[in-house]
Every structure is written in structure tokens, then in C-alpha cells.
Amino acid sequence: MEPTPVKNFLQSIISDDLANGRVSEVHTRFPPEPNGYLHVGHAKSIHVNFGLAEANGGCCNLRFDDTNPEKESQEFIESIQADVRWLGFQWEGEVRYASSYFQQLYDWAVYLVEQGKAYVCDLNAEQAREYRGTLTEPGRNSPHRERSVEENLDLLARMKAGEFAEGEKVLRAKIDMASPNMNLRDPIMYRIRKVAHHQTGTDWVIYPTYDYAHGQGDAIEGITHSICTLEFEDHRPLYDWFVDNLPVTSRPRQYEFGRLNLNYTVTSKRKLKQLVDDGVVHGWDDPRMPTIAGMRRRGFTPGSIRKFCEMIGVTRSDGVVDVAMLEFAIREDLNANAPRAMAVLNPLKVVLTDYPEAQVETLVAPNHPSREELGSRELPFTRELYIDADDFREEANKKYKRLVLGKRVRLRNAYVIEADSVVRDAAGEIVEVHAHTIPDTIGADPADGVKPKGVIQWVSASHGRRAEVRLYDRLFNHEAPDRGDADFLRHLNPESLRVVEQAWIEPALAGALPEQSFQFEREGYFVADRFEHSADQPVFNRTIGLRDTWNEGA
RNA sequence: UGGGGUGUCGCCAAGCGGCAAGGCACCGGGUUUUGAUCCCGGCAUUCGUAGGUUCGAAUCCUACCACCCCAGCCA
């Protein structure tokens, strides 16, 4: 795995820090809260944190920022680890938990109280809001701000002991209620929550806030560069305040970068959860979800996601990346690596009237047009086969390069055929095309010099296999589905999933393993479903269609 | 109207006083048993706007404008 050669502003900072001795090694961390599945935005953060560590010979921790037990669960802890590993990253040592530091954090809180820098406040949530002031008006000091150290110590101990009800008291840092930075108006360090924690059980009834826990967690782990997204920029003075006022043994620095926004996509955990809870999709790993698990099931590869992250770069400006870039990254990967195969999604029977009924020729087709080392597979050729209904017309203009009555077409990896007549059902619909083969056209052009105009895929009617094929498309048909406050669900693409129950696939495809990717020639890239595919009942998901520059009509 | 940020091609993004990289998308042309891939070519006299400094500015200064974030006992 080659280190990222890309240079961004974070790398510049790190290079400087290394050069001037501020740090002797690089230690980053990826700190998700286990309250949902990781999505493509997290992939960027993972790529930044692990990538920077890797590129500078350092390491990166995986730390669960589990300070709010109400929203978190073990399910998410497991899925997150699986996703990070799948992306190909390895964290330093064991998985870390902010909750492992609860005792240390508490001791430090006592320390701040002793220093007169923290106090217990009895204001309820509503009162606290009033005292906090507004963006343009300063706040007012809490009436409890000047409690004695002894009283604060006693109250804090009793908070910890469970003597007070939720919301009755909080521990606040004593900073500046008039600060223009709202985060510095005596921010809350501890709140009472009488709920069990997924890691610490019922050991605690008070839980530290993100602001109080994060920087200290970084310091405990020896994190040198604590990288987060732009919205935390205003928190940096607070981050620094805690680290500077506590006897921590290392001094981490926080840096912020712009979070990833993708058009035609929502990446807010709340909205993703809603899609799952409302049953709009079939779970966090639905192939239409921008979650890592969903993308994996859709057929994205770790390499394509990493490539995408490299393409978009890391800056402090917040833009909206075109989802076409993501699509490019996966096409590029799959074009280079996915074996080719043939499948017919909308079958139309073709009978080769000159081809003996009992005859079966075993043709050999290369698995990749330019990578011989990917081998080849056998392709049974028979009198009856299926082609895609879109690949036949009774008549067409010169631009149409497929099968036309009275004209020729190349069957991919097989013969050139010529269409002679059609068979219709009672309703007048074409149900069969009768054609004949042009002799000696395997690997050769017709001897009479009349070359076919195009090439189409096919599957033997007698030797082909049936498969379910799920055609996925973007979940939203609006560029910015969550812009504004209106319900983002109204922008759902009604055709984000189309299931083809009975597609025909060439026999070799039945041996596909779950998560194996293929290019179904002329159709797109497909992956055998991670959970529901089997040799008996093959299921393929369309990852992404082939680039299509054909303008019919033009 | 407080504080913190960001503004370079439709999108992402280099550039850090010497005369606008690259990628995506798009548009031409060539090769091709995938209308794919691949290959070649095109695509910002201009860097949010207006002034100023300078021989010279996207890069420095000033003012203005636009957009994003902050008033959770969420992260």
C-alpha cells in the first residue's frame, strides 16, 4: 500500500512540526461516536487521520467517543471497527474508549474545582439558556458561580454518588460568561444521566461532555495532531483551555478541515437513521446508503474509496463534491480489475435456424480485454440464446449498431449472425427473432467482407442460468436533498431500486463468490450480493453503469 | 447587528510577488469483437468586488460583498 503523496495544509503543518521539533512522531486518532454507521464523510476523515499517520511513519488510534450512553450501542461499535478494517486501515494497539478515562477525567474535574476553575451549577436547562445570553449579548454569571471550593467538592461528589436527579445539577468550567465565543461561557463539563453505559455499565451517573473529554483523551493517548471538522473550530479555545489548565503529560493540538459534502446524497447521521427507521431503505447497509457498509454491499472497493478521498483533497473550504467523482473512482478500479462476463437483463430469444439443435460448442472467452493473466472461461454456444430486447430492432437508422432485421451483428466472443425474421405473439409483440450464423466468424470477420456494425452480449438459452439482478440508482433525484428545512424525503428517487427477478447470466457466473465484482459487458459493474447471493440463487447488485456517451437521435 | 471561518473554470483543487498545475464533468477526433476502456485535442487574458502598493499581484494593503459555523445538560 503506497503512502499518499498528496500534500495538503495538514501535511504542511506536520512537516513543519517535525522539522522544528514540536513533535518527534505523528500520532493521530479517528474518534467516532458509536451512535450510527460510518458513512462516506467518515471515510474522508479516516483517510485523513490514518493517511497522515501512515505518510509520516506515525500511527493512528481508533477511539470511541462514547460520552453520551443514551445514543450509543455495541452494534455501532462493532460495525465501525469492521468498516475501518475493511477500508484497509489498522489502528495502533487496542481500540480505545473515552469511557476508559472516566475516572481520570473525574479526578481532573476535582482538580479544576480545587483550583477554583470549575463549579457546580443548579440552573436547569432553560435557566441556563437564559443566563447564557445570545450571539450579540453577553451572558450573565450563574448565581452559583461563586460557591466555595469545599461546597463544590461536596456537591460534585454527591452528583457522582447519585444524590441528585437528572438535570438538577451540572459541573461547569469557570471561564467567561461575556465571551463572544459562546463555547467559553462557562461550558458544561458534567451532566447527570442515570442510564447504563455500554462500556462502564452502571458505574457512573454523571457523564463528561465532548468538550471536556476530547482534548484530555487526546493528551492521555499522546495524540500530536487532533484533526476534526470545521464546526469544531470555535471549540478550539476551549480545547486549549482544558489542556492548559490540567496537569496533562502531553500537549495535543487541534486542527480542522472541511467536512465532505456530496451532491445527490445526504450524510447527516440523523437523516440516515431516519431512512433506516422509516423503512425507506432496507437497513444501514442497503446498497443505496452512503454508509461504508452500504457502499461495500453496492460493490465499491476499499481502493476506490481511498482513491476518491485522494481525488477530493483536504482543505478548509466547505464545498460540495460531485458524486460523479465517486463514480469515476469505482469505475476506474473495476475497469482495471473486474473480470468480464455476459448477462441479459431484458431477454429476447434468438433462434439460429441454421444451427443444429443438439449442438453445443464450447467457446473460450478472455476474462479481461487487456489483462491476459486474469484468464478465461468457457462459454457454451447453442441454437437458442437470449439477447437484450434493446439490442434488436426491425428497422433502424445507421447510428444503431445492434441487430436489425436483415442485418448483421457480432455476438460477443462468438459468431456474427444475421437476423431473418421475427415471431410475434397474439398481441403482436415480438417474442423471438430467427437468425442464422455467418460461418467461420469466431475470431474473424465474415469472408464476404460485410462486417457487422456492432457487438452485443448474449447467453445460451439452454445453458444459461437465472439470477436476480438489482439495479440501483441514486437515492435522491435532487442535487441537494437536504437543503432547507423541507422534508428531504420528497426528493427520493422512485427508481432508486429496480429488481430484475429473472435475468439470464452465463453459466460461469453462478460460481461467483459473494462480494465478487464483474463487469457485465455493455451493462455495467455488478457485485454478487454479500449476504443473499448463492450458487443456487444468484443475486447481483449493480454497482454502477458503464459510461454511456451514445446520444440516440442526435 | 457578536465571534469564528471560506471565497481560483460547471465541481474538487494546486498556487504563498514574476506573468493561472492537475483531476472530475463536458465537447471534438482516432483505435476497438464492450456505443466501455485506451489515445490525441479543446476547455479561466483570469483568480468574490472595488480601490491601492509594486517594473510586476490570485498572491501584499484597504474597504466592501457573498456563503458556512456557533446561543444542546449532542458530538
Side-chain angles (χ1 to χ4, degrees), chain A residues 6-8 31-33 35 65-68 70-71 121 123-125 128-130 132-139 166-172 179-185 187-193 206-207 209-211 213-214 228-237 256 258 263 269-270 308 310-329 331-332 335-336 340 342 365 368-370 399-402 409-414 416 441-445 451-457 519-525 545-552:
Chain A
V6 194
K7 179 165 172 164
N8 54 54
E33 182 187 14
N35 67 346
D65 225 328
D66 56 348
T67 56
N68 186 5
E70 288 169 311
K71 295 181 177 169
C121 178
L123 257 26
N124 63 34
R129 195 181 328 119
E130 286 164 12
R132 191 152 37 229
T134 69
L135 293 178
T136 52
E137 304 158 22
E166 288 191 12
E168 201 177 325
K169 288 186 170 24
V170 293
L171 181 72
R172 304 174 71 172
S179 173
N181 181 343
M182 301 292 289
N183 295 118
L184 263 21
R185 321 246 263 224
I188 288 167
M189 295 167 58
Y190 273 95
R191 65 301 206 187
I192 299 170
R193 284 286 176 281
I206 59 173
Y207 291 96
T209 56
Y210 163 86
D211 282 315
H214 203 90
C228 61
T229 42
L230 252 24
E231 66 270 28
F232 290 101
E233 194 158 13
D234 290 342
H235 294 243
R236 194 170 63 224
E256 313 85 19
N263 60 13
K269 270 192 196 172
R270 204 209 98 227
F308 169 70
E310 271 168 42
M311 284 172 72
I312 61 176
V314 185
T315 68
R316 287 175 59 82
S317 63
D318 46 9
V320 181
V321 173
D322 192 336
V323 72
M325 282 211 224
L326 219 207
E327 296 176 346
F328 170 83
R331 281 198 185 102
E332 181 182 61
N335 174 56
R340 312 286 122 127
M342 292 198 287
H368 194 281
S370 59
K399 304 209 96 177
Y400 188 76
K401 309 203 311 187
R402 311 175 192 182
V409 79
R410 158 77 63 184
L411 292 180
R412 176 69 165 159
N413 297 127
V416 171
T441 50
I442 300 280
D445 283 329
K451 287 202 215 172
K453 298 209 349 220
V455 183
I456 63 174
Q457 78 276 20
Q519 181 196 103
F520 288 179
E521 294 200 64
R522 301 210 312 129
E523 290 287 355
Y525 297 98
L546 254 26
R547 185 161 164 267
D548 184 6
T549 52
W550 183 45
N551 271 313
E552 191 171 8

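The basis for the numbers below is simple: all heavy atoms, side chains too, and nothing from hydrogens, waters or symmetry mates. So that the names make sense, note that chain A is the first sequence line, chain B the second, and so on, each numbered from 1.
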When we call it a touch if two heavy atoms are under 4.0 Å apart, what does Gly524(A) touch: a base, just sugar-phosphate, or nothing?
-> nothing

Please list, chain by chain and in numerical order, all residues satisfying side chain to side chain contact (heavy atoms under 4.5 Å, CB included) with Val409(A), sequence neighbours excluded.
-> Leu403(A), Ile417(A), Ile456(A)

Distance between the P atoms of C26(B) and G15(B), in whole angstroms?
-> 28 Å

Please measure how far the C1' atom in A75(B) lies from the corresponding atom in G52(B), and state the result in whole Å.
-> 45 Å

Is the phosphate of A75(B), meaning OP1 or OP2, less than 4.0 Å from a side-chain N or O of Arg191(A)?
-> yes

Whole-Å distance, Arg547(A) CZ to U37(B) C1', equals 10 Å

OP1, OP2 of G7(B) versus side-chain N and O of Arg316(A): anything below 4.0 Å?
-> no

Whole-Å distance, Glu137(A) CD to G3(B) P, equals 14 Å

Contact nearer the 5' end of RNA chain B, comparing Glu233(A) with Val314(A) | Glu233(A)

Measure from the side chain of Val455(A), starting at C-beta and using heavy atoms only, and say which of C73(B), U34(B), A71(B) lies closest.
-> U34(B)

Do Gln457(A) side-chain and U34(B) base share a donor-acceptor contact under 3.5 Å?
-> no

Distance below 4.0 Å between Arg193(A) side-chain N/O and C74(B) OP1 or OP2 | yes

Whole-Å distance separating the CD1 atom of Ile312(A) from the C1' atom of A25(B) | 16 Å

Nearest 0.5 Å please: distance from the CZ atom of Arg340(A) over to the CD atom of Gln457(A).
-> 13.5 Å

Nearest to the side chain of Ser317(A) - A71(B), G7(B), G23(B)?
-> G7(B)

Using a strict cut-off of less than 4.0 Å between a Lys/Arg side-chain nitrogen and an Asp/Glu carboxylate oxygen, indicate whether Lys269(A) and Glu33(A) qualify as a salt bridge.
-> no

N or O in side chain of Thr67(A) less than 4.0 angstrom from A75(B) OP1/OP2 | yes

Rounded distance (Å) that lies between atom P of G72(B) and atom CD of Glu130(A) | 12 Å

When you compare U31(B) with C12(B), how far apart are their P atoms, in angstrom units rounded to a whole number?
-> 37 Å

Given that Asp548(A) and Asn124(A) both sit by RNA chain B, which one's nearest nucleotide is further toward the 5' end?
-> Asp548(A)

4.5 Å side-chain heavy-atom contact, Asp445(A) and Arg410(A) = yes

Rounded to the Å, how far apart are Phe308(A) CZ and G23(B) P?
-> 17 Å

Using the C1' atom on both, measure C68(B) against G35(B) and round to a whole Å.
-> 43 Å

Mind telling me whether G22(B) is syn or anti, cutoff 90° either side of 0?
-> anti

Can you check whether Thr209(A)'s main-chain N or O pairs, donor with acceptor, with His214(A)'s side chain at less than 3.5 Å?
-> no

Parallel under 30°, tilted from 30 to 60°, perpendicular over 60°: which one fits the rings of Phe232(A) and Tyr210(A)?
-> tilted

Does any N or O donor sit under 3.5 Å from an N or O acceptor when you compare the side chain of Arg236(A) with the base of G4(B)?
-> no

Name the nucleic acid region contacted by Gln519(A), choosing base, sugar-phosphate or nothing; use a 4.0 angstrom heavy-atom cut-off, strictly under.
-> base

Student check: side-chain heavy atoms of Arg402(A) and Arg522(A) closer than 4.5 Å | yes

Under 4.0 Å: is that the gap between some side-chain N or O of Thr549(A) and OP1 or OP2 of A36(B)?
-> yes

Given that both distances must come in under 3.5 Å, which nucleotide forms a Watson-Crick or G-U wobble pair with A66(B)?
-> U6(B)

Checking all strands, does Pro31(A) fall into the base, sugar-phosphate, or nothing category for heavy-atom contacts under 4.0 angstrom?
-> nothing

Just how far, in rounded Å, is C1' of C74(B) from CE of Met189(A)?
-> 17 Å

Phosphate-side-chain proximity, Arg331(A) and A36(B), N/O vs OP1/OP2 below 4.0 Å | no

With distance as the sole test, does Thr229(A) use its side chain to make a donor-acceptor pair with the main-chain N or O of Glu231(A) at under 3.5 Å?
-> no

For Thr441(A), which contact category applies under a 4.0 Å heavy-atom criterion: base, sugar-phosphate, or nothing?
-> base

Spacing between Met325(A) atom CE and G23(B) atom P, to the nearest angstrom = 12 Å

Return the nearest nucleotide to the side chain of Tyr210(A); candidates are A75(B), C74(B), U37(B).
-> A75(B)

Distance between P atoms of U1(B) and C67(B) (Å, rounded) | 12 Å

Rounded to whole Å, CG of Asp322(A) lies from P of G10(B) at a distance of 13 Å

With the side chain defined as heavy atoms from C-beta on, Thr136(A) is closest, among G2(B), A13(B), G72(B), to G2(B)

Met342(A) side, atom CE; Glu521(A) side, atom CD - distance, nearest 0.5 Å = 7.0 Å

Which whole number of Å gives the distance between the C1' atom of G7(B) and that of A58(B)?
-> 12 Å

Closest to the Arg129(A) side chain, choosing from C24(B), A71(B), G35(B) | A71(B)

Arg522(A) vs G35(B): side-chain N/O to OP1/OP2 distance below 4.0 Å | yes

Identified pairing partner of U45(B), criterion: Watson-Crick or G-U wobble below 3.5 Å | none

In whole Å, what separates the C1' atom of A57(B) from that of U45(B)?
-> 15 Å

Validation row: Thr67(A), Tyr207(A) side chains within 4.5 angstrom (heavy atoms) = no

For A13(B) versus G48(B), give the span between their P atoms, rounded off to a whole number of Å.
-> 14 Å

Restricting both atoms to N or O, compile the protein contacts to nucleotides 66-70 of chain B shorter than 3.5 Å, with distance only.
{"residue": "C68(B)", "atom": "O2'", "partner": "Asp318(A)", "partner atom": "OD2", "Å": "3.1"}

Are side-chain heavy atoms of Arg172(A) and Met189(A) found at a separation under 4.5 Å?
-> no

